[in-house]
Amino acid sequence: MNLSFYPVDITYEVKDGKPIIKLFGRTTDGKQVCVLDDSFEPYFYVQGTVSEKKLESVQKDEFKVVRVEKCKKNVNEKEEDLFKVIVNIPKGVPVLKEIIVDMTGVKKVYEYDILFTRRYLLDKKIVPLTKTKVVGEKIAANCKVDCIKAKSIKKESDEIIEPRIVALDIETYNPDNSLNAKKNPIIILGLYGDNFSRVVTWKKFKTSNKYIEFVSSEADMLQRFAELITEYQPDIITGYFTDGFDFPYIVERAKINKVELDVGLDYSTIDIRGRTRKEASITGIAHVDIFKFIIRVIARSLKTDQYSLNAVANELLGATKHDVDIEHLFDVWDKGGKNIEQYCEYNLQDCKLTYDLTIKLLPNLIEFVRIIGLPIFDVNRMSFSTFVEWYLIKKAQEFNEIILSKPGHNEERERMHDRIQGAFVYEPKPGLYEKIVVFDYRSLYPSIIASLNISKGLVNCKCCKKASRINTDRGEFWFCTKQKGFFSEIISELITHRAKIKKELKQKQNPLLAAQVEALKVLANSFYGYLGFAPARWYCIECAESTTAWARHYIHKAIDSAKKEGFDVLYSDTDSVFVQLGKKSKKDALDWVKKINDDLPGLMELEFEGFYPAGLFVATKASESGAKKKYALLDEKKHITIKGFEAVRRNWSIIAKEVQQEVLRLVLNEKNTENAKKFVRETIEDLRANKIPVEKVVIRTELSKTVEGYSTVSPHVAAAKRMEKDGKKVSGGTIVSYVVTKGKGKIRDKVKLPHEVKQKDYDGEYYIDHQILPGVERIFDVLDVHIDELTKNTKQKTLEHF
DNA sequence: CATATCTGCTTACC
DNA sequence: ACTGGTAAGCAGATACG
């Protein structure tokens with residue numbers, strides 16, 4: 001029979017000494033299937049002078065070499081003769097590799113650490129979630145869905161599945177605030193999908209909510225959960241932090257209640273792997289923990305600095321969680337009755353938000369699946385470096401390159417000491433400027449890697465005398481010009497591919513194309529960081545060092561040229577140049593850029609970023625010199641871009657940020673220094689009189705480790721200690737909120753938690769001197785306003801002074 | 001003992 | 001919680017005269 005299907009999940013089993021790949025997915029007519037392929041063999045590569053016979057005879061326990069083939073492959077971009085050693089079962093690869101690596105004549109072994117299922121997808125060029133053609137026969141097997149034994153299997157088209165998704169969330173009984181799965185049961189479990197809402201709980205109350213379903217015990221609830229999943233037949237189960245919390249909790253409670261959760265399509269249960277970084281998987285269904293994708297990939301493009309479901313849903317969906325007192329759920333549960341209902345509604349809302357977030361981010365996630373070629377489960381849990389690495393691995397096949405091995409423990413440790421010189425930052429002269437034009441190099445690092453052929457195998461070749469050379473702290477480097485580099489060529493393809501899609505996107509808006517453009521940008525921008533990332537297979541410190549050195553070369557070139565042309569250069573950071581037009585026109589600036597671009601190699605380009613009628617640079621706190629990475633720009637639509645100022649930093653109180661932002665607005669937009677002064681004075685008086693509400697004086701700081709890990713007790717650590725006293729758990733990643741109150745001693749001695757203080761308790765003087773004034777002082781300096789003018793004629797200080 | 005400088009820490013920018 | 005370096009600025013710790 002012939003069929004087309006979209007693979008969702010992949011696994012393998014060994015039967016009669018032979019591995020069988022199992023691809024779970026959905027057919028084009030919407031039925032779930034499992035496609036079996038027993039034709040794929042595990043293998044790895046051997047380099048050296050050793051006889052094939054000898055290699056063929058290697059075996060240990062049930063593992064043995066099946067066959068050896070001679071082949072030619074590029075090892076670090078140079079062609080070599082290698083042996084492809086084919087092995088009977090996947091688990092034999094690492095075992096037999098260990099024996100072979102010690103044989104005389106063997107120089108090196110490669111590609112022994114590529115997971116069998118991933119290798120299958122890459123070699124067969126099958127892309128998960130993408131239409132795949134199968135010829136085969138239906139066979140009987142212990143499986144919830146039809147099983148097809150494949151005769152042939154291959155990618156059919158780029159068409160993508162519209163997956164069936166269900167979101168999961170649980171609420172637990174939690175009297176001691178400890179989230180202890182061994183002790184406390186799950187009391188509410190919710191699911192939300194396409195036209196599907198269900199909340200299961202095991203205490204009855206009167207309700208007209210049709211989606212609430214009552215069972216008689218936690219065990220029955222877990223059983224019901226398994227049934228509902230089986231009935232709904234999702235391709236994807238999604239959740240928010242379900243890897244770390246919900247699934248491990250469910251599995252633990254199932255164990256205690258002796259409930260068999262056979263949700264896997266092959267009747268297997270939920271598998272929890274890892275201790276500190278847990279991952280939950282279900283055979284045949286892709287478990288997406290959308291929190292992981294958000295925190296690792298999406299986070300830096302979000303405004304929020306908190307990644308709670310509420311904060312993220314608020315920003316991405318404009319929706320919020322239901323407001324219930326979740327800490328007292330246990331109390332309400334104990335008392336029973338109608339009050340439990342609001343928690344069921346809350347639970348379903350969380351499921352819905354998670355579902356909607358997944359729907360919203362799925363195009364981006366799927367884009368990475370298409371680029372990398374691995375299952376959505378894997379891609380969901382990857383970070384930037386792994387994206388780059390797996391993209392390189394996929395491309396290695398095309399380029400006939402050997403996949404380099406990961407560094408050993410010691411080598412990785414040594415690499416950690418390697419430091420490279422980074423970007424150049426121009427020191428601005430503090431001041432209020434007019435008519436500013438900003439230019440920046442488009443994708444500077446990627447375009448340098450592509451244009452200068454920067455690639456690990458080409459460093460300082462013996463053959464090229466004419467190659468452009470660059471001086472660095474590590475010495476002089478150049479890259480072979482006689483061949484296209486593996487690394488540079490891949491990034492070059494990415495850039496041109498992205499430019500093409502971006503053009504298409506301009507013609508017709510399309511969320512999938514937008515996701516593709518975004519994914520390619522993220523990927524390209526990660527290539528440079530990857531070069532200097534210690535665990536990387538294609539680690540190349542000379543490449544990284546050269547990339548930044550060339551970047552410094554080209555930014556200086558732009559700065560010098562702008563100056564020569566008669567522009568005042570105000571500022572520059574890494575890839576940007578800020579110039580003041582002065583008597584020159586916008587057209588003069590654009591003409592100048594054209595001239596620069598004529599001289600640039602390959603894909604490099606200096607772009608016009610924007611025109612700003614006004615901009616402000618300030619001095620640093622410590623000296624008279626201009627502060628880098630700290631400025632504000634006003635655009636023609638009166639919108640202000642604030643960079644680096646306290647107003648955009650998380651660990652400043654809201655009042656300090658608001659005042660600074662307003663001062664910047666009054667200065668840049670309205671050019672009204674008097675109003676700015678007045679505004680600050682008024683705030684100062686309000687703080688003295690404790691008229692500002694407590695929420696606005698709360699300071700939030702993230703704990704980077706546990707309290708014991710700190711050598712000094714700073715205010716946020718003191719606050720964390722108070723939280724611990726309250727019975728709250730704090731650890732690395734916890735955001736600590738505190739208020740500085742009136743009193744004696746160090747600031748840490750005056751720190752209290754927000755709920756402990758009344759409005760009259762906070763120390764207005766502290767907030768004036770340490771939060772308000774530091775934020776506006778440098779701004780007023782630029783306007784020649786002395787700080788005394790801000791504080792003096794507020795009543796108290798005046799009296800004190802005289 | 002007061003002041004200057006250093007260190008640890010957090011969070012920004014690119 | 002596994003991309004990189006550059007930079008500002010606070011609070012506490014320590015050195016210095």
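Throughout, protein chains are lettered first and strands after them, A, B, ... in sequence-line order, and every chain is numbered starting at 1.
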Identified side chain to side chain contact (heavy atoms under 4.5 Å, CB included) counterpart of A:D575 within the set A:Y441, A:Y445, A:F424: A:Y441
Name all pairs fulfilling the ring-ring contact (aromatic ring centres under 6.0 Å, His included) condition that reach into residues 288-309 of chain A, sequence neighbours left out, sorted by first residue then second. A:Y240-A:F291, A:F241-A:F291
The answer to which of A:N651 and A:F533 contacts DNA chain C further toward the 5' end, by nearest nucleotide, is A:F533
Looking only at heavy atoms, what is the nearest atom pair of A:G733 and A:E702, with distance? CA-OE2, 3.6 Å
Results of side-chain contact (heavy atoms from CB on, under 4.5 Å) for A:S704 - residues two or more places apart only: A:Y710
Have a look at A:Y766 and say if it touches a base, only the backbone sugar-phosphate, or nothing, with a 4.0 Å heavy-atom cut-off. sugar-phosphate
Sequence neighbours excluded, which residues qualify as side-chain contact (heavy atoms from CB on, under 4.5 Å) partners of A:H417? none
Are A:R778 and A:E646 side-chain neighbours, meaning at least one heavy-atom pair lies under 4.5 Å? no
Report all interatomic pairs (protein N or O, nucleotide N or O of nucleotides 4-8 of chain B) with separations under 3.5 Å.
{"from": "B:dG8", "atom 1": "O3'", "to": "A:S711", "atom 2": "OG", "distance (Å)": "3.4"}

Using the P atom in both, what is the distance from B:dA2 to C:dC10, to the nearest Å? 22 Å
Whole-Å distance separating the OH atom of A:Y631 from the P atom of B:dC13: 8 Å
Establish, with yes or no, whether the OP1 or OP2 oxygen of B:dT11 is under 4.0 angstrom from a side-chain nitrogen or oxygen of A:R649. no
Centroid separation under 6.0 Å, is that true for the rings of A:F527 and A:F487? yes
I'd like to know if the side chain of A:H287 and the backbone of A:A280 have a donor-acceptor N/O pair within less than 3.5 Å. yes
Applied to residues 381-396 of chain A, the salt bridge (charged side-chain N to carboxylate O under 4.0 Å, His left out) test, sequence neighbours excluded, yields A:D243-A:R381, A:E389-A:R537, A:K395-A:E398, A:K395-A:E493
Centroid-centroid distance, A:F578 to A:Y631, less than 6.0 Å: yes
Could you check whether A:K742 pairs with A:D761 (Lys NZ or Arg NE/NH1/NH2 to Asp/Glu carboxylate O, under 4.0 Å)? no
For DNA chain B, find the residues of residues 534-546 of chain A with a heavy-atom distance under 4.0 Å and give them by number; none if there aren't any. none
On DNA chain C, reading 5' to 3', which nucleotide is the first and which the last to sit with an atom under 4.0 Å from a heavy atom of chain A, could you check? C:dA1 to C:dA13
With sequence neighbours excluded, residues passing side-chain hydrogen bond (donor to acceptor under 3.5 Å, both in side chains) with A:R118: A:D378
Give a yes or no on whether the backbone of A:R273 and the side-chain of A:E279 come within a donor-acceptor separation of less than 3.5 Å. no
With the threshold set at under 4.0 Å for non-hydrogen atoms, list the residues of residues 292-306 of chain A touching DNA chain C in residue-number order. A:R296, A:R300
Would you mind classifying the nucleic acid contact of A:T548 as base, sugar-phosphate or nothing, using non-hydrogen atoms under 4.0 angstrom? nothing
Here the helical stems involving DNA chain C, each at least 3 consecutive Watson-Crick or G-U pairs closer than 3.5 Å, sorted by first residue number, are B:3-14 with C:4-15
Length of the line joining A:K630:NZ and B:dA12:C1', which is rounded to integer Å: 10 Å
Could you tell me whether A:V717 contacts a base, only the sugar-phosphate backbone, or nothing, with contacts defined as non-hydrogen atoms closer than 4.0 Å? nothing
Could you tell me which residues satisfy side-chain hydrogen bond (donor to acceptor under 3.5 Å, both in side chains) with A:N453, sequence neighbours excluded, listed by chain and number? A:S488
Which part of the nucleic acid does A:V648 contact within heavy-atom distance under 4.0 Å: base, sugar-phosphate only, or nothing? sugar-phosphate
Check A:R442 with A:D440, please: is the shortest side-chain N to carboxylate O separation under 4.0 Å? no
Please determine whether a side-chain nitrogen or oxygen atom of A:K643 lies at a distance below 4.0 Å from atom OP1 or OP2 of B:dC14. yes
Between B:dC9 atom P and A:H716 atom NE2, what is the distance in whole Å? 9 Å
Residues at least two apart in sequence or cross-chain that pass side-chain contact (heavy atoms from CB on, under 4.5 Å) with A:R722, listed by chain then number, are A:K752, A:L753, A:E756
Just call it for A:G529: base, sugar-phosphate, or nothing, with non-hydrogen atoms closer than 4.0 Å on any strand. base
NZ/NE/NH1/NH2 to OD/OE distance under 4.0 Å, A:K728 and A:E724: no
